[in-house]
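Numbering starts at 1 and runs along the sequence shown.
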Amino acid sequence: MKKYFPAFLLLILATACSKNEDYYNSLKKGAYLTKVKSKAFLSAQDPNATINLVVNSVGAEVASINVYTAATSTLDKSLWKLIKNVPFNGETTLEVTNRELATALGLPVGNLPPGAVYNLYNEIVTKNGETYSSINTSSQDLENQVAFNAALRWTGTVVCPYNASTVAGTYTVERDDWADWQPGEEVEVTAGPGPNQVNISQVWPNPAFGDIVTPLVITIDPATGVATIPENLTFGDYGSNKGITSTGNTGFVFSCLNRISLNIHVLAPPFADQGFLQLTLQK
């Protein structure tokens, strides 16, 4: 591993991968935060909606935590906007509201853009007045090593509730990496068969190119619009190849924007794995 020593006090990182929390607690010369749990989705339209990160600490005694955000992902502190200072008392919850985030960034409160991902940065203030954040610690030797479970930065994703009554209809294709459709073409999306499901089997496959094998039905979390795309489902028979969903699929169905945005891992036997393909539709 890379031997890089930042201002994060003499951590002797040549053997860092095997160090445990007791080792760092015994140093009492530096501190970092560890993640306990988090809530990452933030309602776009509710000013009082929250995201949170529950943290604990390792190393020197922590007095408080400054929580910042920025318009872009950056370690240039001049671009960070302070949201709040949170007193630290053991396991501590860092909570940020829609209102606080929007105010710090100068955005409309209760009107954050769904799909936007905001970066947040934690700065530790120790009881002896020292500060530690991603700026003066090593991402290579600390944050990028899973064993440390570091929680010096986090993100919040803006979402909006799903409304089944508005999802069906004609959509315009903005992007189709599977190339069944070209941008600007129109496709039909239907609701169901379940109460929080969307059927895109009239989109993939394009009937001009292939036949439906099993309808591609996506399940939506009604509170967030997060889409669950079935794995290992053969959605199309294209004659020379099949269209099959694989693993790792992600996406959103945002009723408030009449927008469907999916990232689907597609297999096309007998041809090679097609990787992750974006499908974006706008009503």
Side-chain angles (χ1 to χ4, degrees), residues 38 40-41 73 113-117 144-146 155-164 166-283:
S38 65
F41 294 125
S73 177
V117 178
N144 287 354
Q145 294 193 38
V146 176
T155 60
T157 300
V158 181
V159 297
C160 65
Y162 173 67
N163 183 347
T166 66
V167 73
T170 302
Y171 287 73
T172 300
V173 175
E174 290 192 352
R175 178 173 173 177
D176 179 5
D177 292 347
W178 182 232
D180 266 16
W181 304 89
Q182 296 301 310
E185 293 187 304
E186 294 186 338
V187 295
E188 293 300 316
V189 171
T190 57
N196 294 309
Q197 292 184 320
V198 174
N199 187 331
I200 62 167
S201 60
Q202 295 182 62
V203 182
W204 284 6
N206 183 331
F209 302 145
D211 298 319
I212 298 170
V213 178
T214 303
L216 185 45
V217 175
I218 297 163
T219 301
I220 314 301
D221 175 20
T224 64
V226 173
T228 299
I229 300 157
E231 300 176 354
N232 304 313
L233 182 144
T234 302
F235 60 83
D237 183 346
Y238 292 82
S240 61
N241 66 281
K242 297 289 196 297
I244 304 174
T245 63
S246 188
T247 58
N249 309 301
T250 58
F252 294 96
V253 177
F254 285 143
S255 299
C256 60
L257 297 178
N258 292 316
R259 186 175 183 83
I260 298 173
S261 179
L262 309 172
N263 195 29
I264 305 177
H265 187 183
V266 177
L267 308 178
F271 303 111
D273 186 331
Q274 303 300 294
F276 287 88
L277 307 180
Q278 186 73 31
L279 176 66
T280 306
L281 310 175
Q282 180 69 54
K283 187 192 284 189

| said: Taking salt bridge (Lys or Arg N to Asp or Glu O under 4.0 Å) as the cut-off, I'd like each qualifying pair that reaches into residues 183-205, sequence neighbours left out, listed once. | reply: none
| query | Going from CD1 on Ile229 to CG on Leu279, what distance comes out if it is rounded to the nearest 0.5 angstrom? | reply | 9.0 Å
| message | Quick one, Ser261 and Gln278 - any side-chain contact, counting heavy atoms below 4.5 Å? | response | yes
| said: I need the minimum non-hydrogen distance between Gly239 and Asp237, along with the two atoms involved. | reply: N-OD1, 2.9 Å
| query | Looking only at heavy atoms, what is the nearest atom pair of Cys160 and Ser255, with distance? | reply | SG-N, 4.1 Å
| task | Can you sort out the partners of Glu174 under salt bridge (charged side-chain N to carboxylate O under 4.0 Å, His left out), two or more places apart, ordered by chain and number? | result | Arg259
| request: State the CG-NE2 distance between Asn249 and His265, to the nearest 0.5 angstrom. | output: 8.0 Å
| Do Tyr162 and Asp221 come close enough that some side-chain heavy atom pair is under 4.5 Å? | no
| Excluding sequence neighbours, so at least two apart, what forms side chain to side chain contact (heavy atoms under 4.5 Å, CB included) with Asp180? | Asp176, Trp178, Trp204, Pro205, Asn206, Phe209, Tyr238
| note | Looking only at heavy atoms, the pair that brings Ala168 and Thr190 closest together is CB-CA, 4.2 Å
| field | Atom pair OG1/CD1 of Thr228 and Ile218 - distance to nearest 0.5 Å | value | 9.5 Å
| Heavy-atom side-chain contact between Leu281 and Val173 under 4.5 Å | yes
| remark: From the list Ile264, Leu277, Val266, side chain to side chain contact (heavy atoms under 4.5 Å, CB included) partner of Asp177 resolves to Leu277
| said: Is any side-chain heavy atom of Val203 closer than 4.5 Å to one of Val189? | reply: yes
| query | Nearest heavy-atom pair of Val226 and Phe252: which atoms, and what distance? | reply | CG2-CE2, 3.6 Å
| When rounded to the nearest 0.5 angstrom, what distance separates OG1 in Thr234 from CD1 in Ile212? | 13.0 Å
| query | Is the closest side-chain heavy-atom distance between Phe235 and Pro230 below 4.5 Å? | reply | no
| request: Test Pro215 against every option in Leu233, Ile200, Asn199 by the side chain to side chain contact (heavy atoms under 4.5 Å, CB included) rule and name the one that passes. | output: Asn199
| query | What distance separates Phe254 CZ from Asn163 CG, expressed to the nearest 0.5 Å? | reply | 14.5 Å
| query | So, do Asn241 and Pro270 sit near enough that their side-chain heavy atoms are less than 4.5 Å apart? | reply | yes
| field | disulfide (SG to SG under 2.5 Å) partners of residues 172-233, not counting sequence neighbours, each pair once | value | none
| query | Quick one: disulfide (SG to SG under 2.5 Å) pairs with a partner in residues 167-201, sequence neighbours left out? | reply | none
| said: Suppose the criterion is side chain to side chain donor-acceptor pair (under 3.5 Å): which pairs have a residue in residues 207-219, not counting sequence neighbours? | reply: Gln197-Thr219
| Do Lys283 and Ile260 have side-chain heavy atoms sitting under 4.5 Å apart? | no
| Between the side chain of Glu231 and the main-chain N/O of Thr245, is any donor-acceptor distance below 3.5 Å? | no
| Taking every non-hydrogen atom, the tightest pair across Leu262 and Ala227 | CD2-CB, 3.9 Å
